[in-house]
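Chain identifiers are assigned alphabetically (A, B, ...) following the order of the sequence lines, protein sequences preceding nucleic acid strands; residue numbering begins at 1 within each chain. Keep in mind it's a predicted model, so treat the numbers as computed, not measured.
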Number of protein chains: 2
Amino acid sequence: MSQHFSIAEENYIKIIYHLQQTDDNVNTNEVAAALNTKAASVTDMLKKLKQKKILNYEKYQGFRLSEAGEKIALAIIRKHRLWEFFLVEKLQFGWDEVHEVAEELEHITSKKLIDRLDVFLGNPKFDPHGDPIPDSNGKLPHQPQINLIDLALNKLAEVSAVGSQSKELLDLLKHKKIRIGTQLEVNKKFAFDHSIEIKIVGQTSFNISQQLAQTLFVKPLNK
Amino acid sequence: MSQHFSIAEENYIKIIYHLQQTDDNVNTNEVAAALNTKAASVTDMLKKLKQKKILNYEKYQGFRLSEAGEKIALAIIRKHRLWEFFLVEKLQFGWDEVHEVAEELEHITSKKLIDRLDVFLGNPKFDPHGDPIPDSNGKLPHQPQINLIDLALNKLAEVSAVGSQSKELLDLLKHKKIRIGTQLEVNKKFAFDHSIEIKIVGQTSFNISQQLAQTLFVKPLNK
DNA sequence: TAAATATTTTAGATTTGTCTAAAATTATTT
DNA sequence: AAATAATTTTAGACAAATCTAAAATATTTA
């Protein structure tokens, strides 16, 4: 029946999925960089994935996952995000320390396990970083969020997701006391460096860089 | 620092640990049979484990884990049994369907994860099959008791421990008026469903399921 | 558009864990 | 204690996933 994939294959599938969200054609070097490996190794794996009908790929022409490949990617992402939710909600991990552990847990194969875990956690729709969790059919919940940098002035909004899971970013957010669900508004935008002044509800306002504002996503609240 | 072991190595370490509990010298064929592999493959791995100081091994002379090896084995067994407990208590798996999933989960490396899971589960001392769970230092809980299912017929015994603290189990035990110190004997064992008929001192006898009998531990009394 | 540069693929090696078949060693029988 | 049987190890091969170095192709630039 359904094929089995090695951990190495799964890691390629997942990375290619993420890369093709922004690029319409993924290329070898990007994947090599993301997986911390060499271009030659990537080519070898691409051939294998193509042969397994997971990948649409022609030599030198770039590649994308096939429909079957996307389904597999979403199943892995579902596992990753549900485990992250578990680690934070049930085992009191910080949201900045769950990523590596979830990288291992996402390769546990039992479908029954993950569907039961989903129920046990109360069918969460978003992981601790605000990323949407696919349901057991691979459907992603829709979330109408915008980039913080595009938020209108003095409009209340709620932080709904972060653009990366890097230690550096999470450390900065912890320090600024910004987390998923934090309510804030933008008071001023500075043209000089594109930094913005924000005010978190119940705190005094402060400045954040353009770079930070671009990695934060918010859901406007109708006040 | 502390070495890292592959999944294959961990599986060998675990099997050798289990085998050396009953044999004083483990041999190649036993391991091959237990791991569903060939004797030649076992020999290859033995050399590697010896070189890593995990195994006391001389050609043709049989082998046992070194002290370091036993520590590693106990850490893996700890993970396996805690995950089994989690699956049964939190995700409503049947006690008979957890083994394969736990075989995968036991190789997740994070020590922090497993210690937090331990706390989350309430520091259980026995897994759903009644097997003792090593603590975070690798110490096994002392167990001078036997499983109720192994109690000889018509031999008086005293309930000394329960295999879990789950609400469901405790609810059932309350209803059946079974608590620590209760004196009882087994009158009959039924092969069909492995249920047993027990008689609590001063009460009429009744049947209990295999599952319940396996979560109860008793200390035989010399009457 | 031809040359220079960057990207991608191929060729051939390496490591891990496995295998089969044959040789070496140990254990058992008669 | 010699012959037979069983076990264990060695030798050599293979698949998966990786690597380096070189060749092939595509892209950019002058």
Side-chain angles (χ1 to χ4, degrees), chain A residues 3-17 19-20 22-65 69 72-73 76 103-104 106-107 109, chain B residues 3-17 19-20 22-65 69 72-73 76 103-104 106-107 109:
Chain A
Q3 303 169 77
H4 174 255
F5 297 94
S6 71
I7 290 176
E9 288 169 333
E10 288 195 351
N11 284 334
Y12 275 93
I13 293 168
K14 191 182 53 158
I15 285 294
I16 293 169
Y17 178 87
L19 291 173
Q20 74 181 24
T22 44
D23 297 14
D24 56 340
N25 231 5
V26 188
N27 53 295
T28 311
N29 269 354
E30 280 175 349
V31 174
L35 286 176
N36 217 349
T37 184
K38 299 299 151 71
S41 308
V42 175
T43 302
D44 289 343
M45 186 59 90
L46 295 179
K47 285 185 203 157
K48 207 202 299 187
L49 294 179
K50 177 184 178 162
Q51 211 218 308
K52 292 194 175 188
K53 317 260 193 183
I54 292 309
L55 195 68
N56 298 322
Y57 164 58
E58 295 304 327
K59 265 196 198 187
Y60 294 105
Q61 300 310 129
F63 45 89
R64 296 196 117 237
L65 292 175
I72 296 158
I76 301 164
E103 290 283 298
E104 287 188 62
E106 74 189 3
H107 301 296
T109 54
Chain B
Q3 305 170 75
H4 173 255
F5 296 94
S6 70
I7 289 176
E9 288 169 335
E10 289 196 351
N11 284 333
Y12 275 93
I13 293 168
K14 191 181 52 158
I15 284 294
I16 294 169
Y17 178 88
L19 291 172
Q20 76 183 23
T22 44
D23 298 13
D24 56 338
N25 230 6
V26 187
N27 53 295
T28 310
N29 269 355
E30 280 175 349
V31 173
L35 285 177
N36 218 349
T37 184
K38 298 299 150 73
S41 308
V42 175
T43 302
D44 290 343
M45 186 59 90
L46 295 179
K47 285 185 203 158
K48 207 201 300 186
L49 294 179
K50 176 182 181 163
Q51 210 218 306
K52 291 193 175 187
K53 316 259 192 185
I54 291 310
L55 195 68
N56 297 322
Y57 163 58
E58 295 304 329
K59 266 195 199 191
Y60 293 106
Q61 300 313 127
F63 45 90
R64 295 196 118 239
L65 293 175
I72 296 158
I76 300 165
E103 289 283 297
E104 288 188 61
E106 74 190 3
H107 301 296
T109 52

Round to the nearest Å and state the distance from [X] atom [atom1] to [N] atom [atom2].
| X | N | atom1 | atom2 | value |
| --- | --- | --- | --- | --- |
| B/Lys50 | D/dT8 | NZ | C1' | 15 Å |
| A/Lys38 | C/dG12 | NZ | C1' | 17 Å |
| A/Asn29 | C/dT5 | CG | C1' | 13 Å |
| A/Asn27 | C/dT7 | CG | C1' | 8 Å |
| B/Asp44 | C/dT16 | CG | P | 12 Å |
| A/Met45 | D/dC19 | CE | C1' | 14 Å |
| A/Glu30 | C/dA6 | CD | P | 17 Å |
| B/Phe5 | C/dT15 | CZ | P | 20 Å |

Below 4.0 Å: OP1/OP2 of [N] and any side-chain N or O of [X]:
| X | N | answer |
| --- | --- | --- |
| A/Lys47 | C/dT10 | yes |
| A/Ser41 | D/dT18 | no |
| B/Thr28 | D/dT7 | no |
| B/Thr37 | C/dC19 | yes |

Note to self: Could you report the tightest heavy-atom contact between A/Asn56 and A/Leu65, atom names first, then the distance?
What the structure shows: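 Smallest interatomic distance, heavy atoms only, reads ND2-O, 3.8 Å.
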Margin query: Return the CG to CG distance between A/Leu49 and A/Asp44, rounded to the nearest 0.5 Å.
Written below: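 Reported value, rounded in 0.5 Å steps: 11.0 Å.
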Notebook entry, point to check: Counting any heavy atom closer than 4.0 Å, what does A/Phe63 reach on the DNA or RNA strands: base, sugar-phosphate only, or nothing?
Noted result: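 Since no nucleic acid heavy atom lies under 4.0 Å of A/Phe63, the category is nothing.
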Margin query: Quick one, A/Lys14 with A/Glu103, criterion side chain to side chain contact (heavy atoms under 4.5 Å, CB included). Give me CA distance, side-chain angles, the key distance, then yes/no.
Written below: CA-CA 11 Å; A/Lys14 191 182 53 158; A/Glu103 290 283 298; 2.9 Å; yes
Next item on the list: Please check if the side chain of A/Asn25 supplies one atom and the backbone of A/Gln61 the other of a donor-acceptor pair under 3.5 Å.
Entry: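 Between the backbone of A/Gln61 and the side chain of A/Asn25 there is a qualifying donor-acceptor contact (under 3.5 Å).
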Checklist line | Residues in contact with DNA chain D, drawn from residues 53-61 of chain A - heavy-atom cutoff 4.0 Å | finding: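 Contacting residues: A/Tyr60, A/Gln61.
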Item checked: Side chain to side chain, B/Asn11 and B/Glu106, heavy atoms closer than 4.5 Å ->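 Of all side-chain heavy-atom pairs linking B/Glu106 with B/Asn11, at least one is under 4.5 Å.
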Note to self: As a test of understanding, state which of B/Ile54, B/Val42, B/Ile7 forms a side chain to side chain contact (heavy atoms under 4.5 Å, CB included) with B/Tyr12.
What the structure shows: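 Among B/Ile54, B/Val42, B/Ile7, the one that satisfies the side chain to side chain contact (heavy atoms under 4.5 Å, CB included) with B/Tyr12 is B/Val42.
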Check: Which residues pass the side chain to side chain contact (heavy atoms under 4.5 Å, CB included) test with A/Glu10, sequence neighbours left out?
Finding: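 Result, side chain to side chain contact (heavy atoms under 4.5 Å, CB included) vs A/Glu10: A/Phe5, A/Ile76, A/His107.
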